[in-house]
Amino acid sequence: MADLSINAEKARALDMGALLKDAGLTAFVAFALSISLVGFQIKDASGGLQLITRFGDVAVVTAIAFIGRVLLFLLRRGRGRAVLISSAVLAAVLLLSILASMTPDSLPQAIVATARAVLPFGNVVLSSVMLIVLVVLAVRGYQVMTHSVHEMTMEERDREMDKVAARVQKISLFLGPLALVFAIALPFMPFADRRIVDIGTLVLTYVMLGWGLNIVVGLAGLLDLGYVAFYAVGAYSYALLAQYFDASFWLALPFAGIMAAAAGVTLGFPVLRLRGDYLAIVTLGFGEMIRIILLNWYQFTGGPDGLSGIPRPSFFGLPFTRRVPEGGDSFATFFGLDYSSLHRVVFLYYLILALAMITNLFTLRIRKLPIGRAWEALREDEIACRSLGINPTNTKLTAFGIGAMFGGFAGSFFATRQGFISPESFTFIESAVILAIVVLGGMGSQLGVVFASILLIGLPEIFRDLQQYRMLAFGAAMVLIMIWRPAGLLAHREPSIRLWGRDKIGKKAEVHS
Amino acid sequence: MSGAQEYRSANRPLLTVEHLTMRFGGLVAVDDVSFTAFDREITAIIGPNGAGKTTVFNCLTGFYKPTVGRITLHREDGEMYLEQMEGFRIAAKGGVARTFQNIRLFPHMTVLENLMIAQHNPLMRASGFTVLGLFGFSSYKIAEKAAVDRARYWLEKIGLLEKADDEAGSLPYGDQRRLEIARAMCIDPVVLCLDEPAAGLNPRESADLNDLLKFIRDEHNIGVLLIEHDMSVVMGISDHIVVLDYGKKISDGTPEFVRNDPTVIRAYLGEEDEEETAAMTGGEG
């Protein structure tokens, strides 16, 4: 008993030295990192480059790191009330400042100026993010105060997250269609302007690429670091067909898919006997090879100049042009609409939505077919597959080929949307982003790919105002997900076939009765 | 020398192994081994650790290409030379199924899915190599239902029917062993090769395993090849035992014959150890 009370006494007494040391160290690291990254900026001014110092921002970063660490330290030591009060006060100040700086007209000049000065970096969006962090801290402080949380081990937390993922998977029966309805309705939403629809199109392109790569990486378990090569093959197939044979988009689309699939099989044949890291390296090399061929084959592909004037898709033969073709109709005149450049943007949006949905339905269906199951089995254990009479080479090749085909479709869509392509668009970073989408979403999870695409592509586009900070946030988000959910956001596998159905317990009771 | 003695049976020969030799560099893992496994019999391959038993299995099932030798599978529709065939074809065309010493299930897939994957090839044909299945043709649905029925049959046999939708990796060890055997049976084999199926099982589970193997031999009329250390399993159910030591066959015959073969006793227990010899021969029950 005596020991316990002493321990409790110790726990109550806050070790100020440790607190200052911990927070000071964190602040020092923040200072050391930010002095070079944030403190200096080189600007292109008239008369040469100019060095700008931003030591004020460095001080802000250091202060934020210090305060944040103090709050975390207090939280760990069970000082819930202190954390709650201080973060609530900080949050309130921040909230008032944000509100004040957003309504400069209705308030006295002095107040607005003070409010702006209070905002870290003078940036409303960043301040809002910090506000959210403070609110989260306050909530945690309240939970610690009322003892409604206990420290979870990593395993407990993983299990907890798995439950969440399983639940999400269960509601994805509704969530999926709901997301689809939202996606269909998006262009007609009141807030949807051209920019939003464009971002939607971009996100959907990556969703489609993610779903295509998911077949290779998520289902068949073949780590492909050169997926962008098939995207490039698809794009160039269409662009070159259009340039040399005047092929229309609809005619070229299946051909682009076939070309990409052929590239996939050609690459796959020699390299699929490799496994894991070795396969990843070879596919990475292949991706670069395709790009460098495109870059250097000047006579055929236009090299670094790229290919321009790629024809736009038509709506069942009706072009989206202001000028009505002779003896025919354009989309606008046929439907009796006023010409608007938005028509084509919306049409492209629906086009990629349809292509992505085809990819999705295909994947969902093929998972329940023997080939899909064989892919997953191959990912689990190749030797066992061989002992069961499954031809591993053919099975992997089909996965590679089909994954590549959808990459090719997405590529020809990319070409027709941009109207101009060059090898610049098909660098390794694209492969990395697509792979990141698949891995972050949770390998094999269709809905996970959508989430991850919105997270990795949509949000950085929306937060374009933050300039380079968004890349910082991108990195931070990746690190956080890898810490909290290393298997991916929605890594929960739904069986491809069930004997007892979803409502398992009820069925079992039936069997027994 | 007792190695010259060959086991004879009234049944049809199923698998003939002639002069099988497997070298890994300078190491001779299997040295000129010949034996015949007969249809509707349980043939056990036993021997001390490192005797080359699993290597023989790996040659039979195409995981290794033998350095020398001929392995003939006598199917009712003709003969096949397994040493010339690729591993997956031996299973797909020859009907040689196997299990592994360290269980190789698909751990993150369900029990039922494991059994469905074993029926990959017939299902693949029924789904028109995916094309027909993709458009939902009824031929595939019928075939899939038949496959589920076959899986259900085996799940009932091994007592895992209720766990059909559980992840295979979450099953207890004994269940995983039985599931692997059921999965091998789902490819509709003519020979079933089991690599230490009783390893890690308790006596009760071992007894169940004996019953299952006898059931497979008698009701499904196939040959079973077995590597096993557990003498209660080996002596209890085998019709025919092949003994290997240092890659060579040292004995070949009925359990009675092998049990009393002095060469085997010497190989297993050393020259002098009378006590353990008694333990081994006493295992007949």
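So that the names make sense, note that chain A is the first sequence line, chain B the second, and so on, each numbered from 1. Side-chain atoms are counted along with the backbone in the values below, which use heavy atoms only and exclude waters and symmetry mates.
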Trainee: Between A:Gly372, A:Pro495, A:Ala384, A:Ala377, which has the largest tally of heavy atom pairs under 4.5 Å with chain B?
Mentor: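 Looking at each of A:Gly372, A:Pro495, A:Ala384, A:Ala377 in turn, A:Ala377 comes out on top.
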Trainee: Quick check: do A:Ile215 and A:Ile366 have side-chain heavy atoms less than 4.5 Å from each other?
Mentor: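 Heavy-atom side-chain distance check fails, nothing below 4.5 Å.
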Trainee: Select one option (side chain, backbone, both, neither) describing which atoms of B:Ile187 are under 4.5 Å from chain A's heavy atoms.
Mentor: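 Answer is side chain: those atoms of B:Ile187 sit under 4.5 Å from chain A.
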Trainee: Please classify the contact of B:Ile90 with chain A as side chain, backbone, both or neither, using a heavy-atom distance under 4.5 Å.
Mentor: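 Neither; nothing under 4.5 Å.
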Trainee: Looking at B:Asn114, B:Leu155, B:Asn121, which makes the most heavy-atom pairs under 4.5 Å with chain A?
Mentor: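 If we count pairs closer than 4.5 Å to chain A, B:Asn121 comes out on top.
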Trainee: Would you check, one step at a time, whether the test salt bridge (Lys or Arg N to Asp or Glu O under 4.0 Å) holds for B:Arg70 with B:Glu79?
Mentor: CA-CA 12 Å; B:Arg70 160 136 295 177; B:Glu79 295 191 341; over 6 Å; no
Trainee: As an exercise: rank A:Thr398, A:Leu388, A:Ile497 by heavy-atom pairs under 4.5 Å with chain B and give me the winner.
Mentor: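 Counting heavy-atom pairs under 4.5 Å, the top option is A:Leu388.
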Trainee: For chain B, which candidate among A:Ala374, A:Pro370, A:Pro392, A:Ser387 shows the most heavy-atom pairs at distances under 4.5 Å?
Mentor: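 With the most close heavy-atom pairs to chain B, the winner is A:Pro370.
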Trainee: Below 4.5 Å from any heavy atom of chain A, which atoms of B:Arg183 appear? Answer side chain, backbone, both or neither.
Mentor: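 The answer is both parts of B:Arg183.
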Trainee: Hey, are the side chains of A:Phe400 and A:Val216 touching, using non-hydrogen atoms and a 4.5 Å cut-off?
Mentor: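 Side chain of A:Phe400 against side chain of A:Val216, heavy atoms only: contact under 4.5 Å found.
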Trainee: Can B:Lys157 be said to sit on top of B:Tyr153's aromatic six-ring, NZ or CZ under 6.0 Å from centre and within 45° of the ring axis?
Mentor: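 Checked: cation-pi criterion met.
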Trainee: Under 4.5 Å from any heavy atom of chain B, what part of A:Ile383 do you find: side chain, backbone, both or neither?
Mentor: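 Contact with chain B is through both the backbone and side chain of A:Ile383.
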Trainee: Contact part of B:Gln119 toward chain A, heavy-atom cut-off under 4.5 Å: side chain, backbone, both or neither?
Mentor: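 B:Gln119 has no heavy atom closer than 4.5 Å to chain A.
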Trainee: Ring centres of B:Phe106 and B:His120 under 6.0 Å apart?
Mentor: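 Centroid separation for B:Phe106 and B:His120: 6.0 Å or greater.
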Trainee: Find the one option among A:Glu380, A:Arg386, A:Arg379 whose heavy-atom pairs under 4.5 Å with chain B are most numerous.
Mentor: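 Most heavy-atom pairs under 4.5 Å with chain B: A:Glu380.
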Trainee: Between B:Val56 and B:Val17, is there a side-chain heavy-atom distance shorter than 4.5 Å?
Mentor: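 With C-beta onward as the side chain, the pair stays apart.
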Trainee: Output yes when a side-chain donor or acceptor of B:Lys65 lies under 3.5 Å from a complementary backbone atom of B:Gln84, and no otherwise.
Mentor: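 No; judged by distance alone, with no hydrogens or angles, the pair does not exist.
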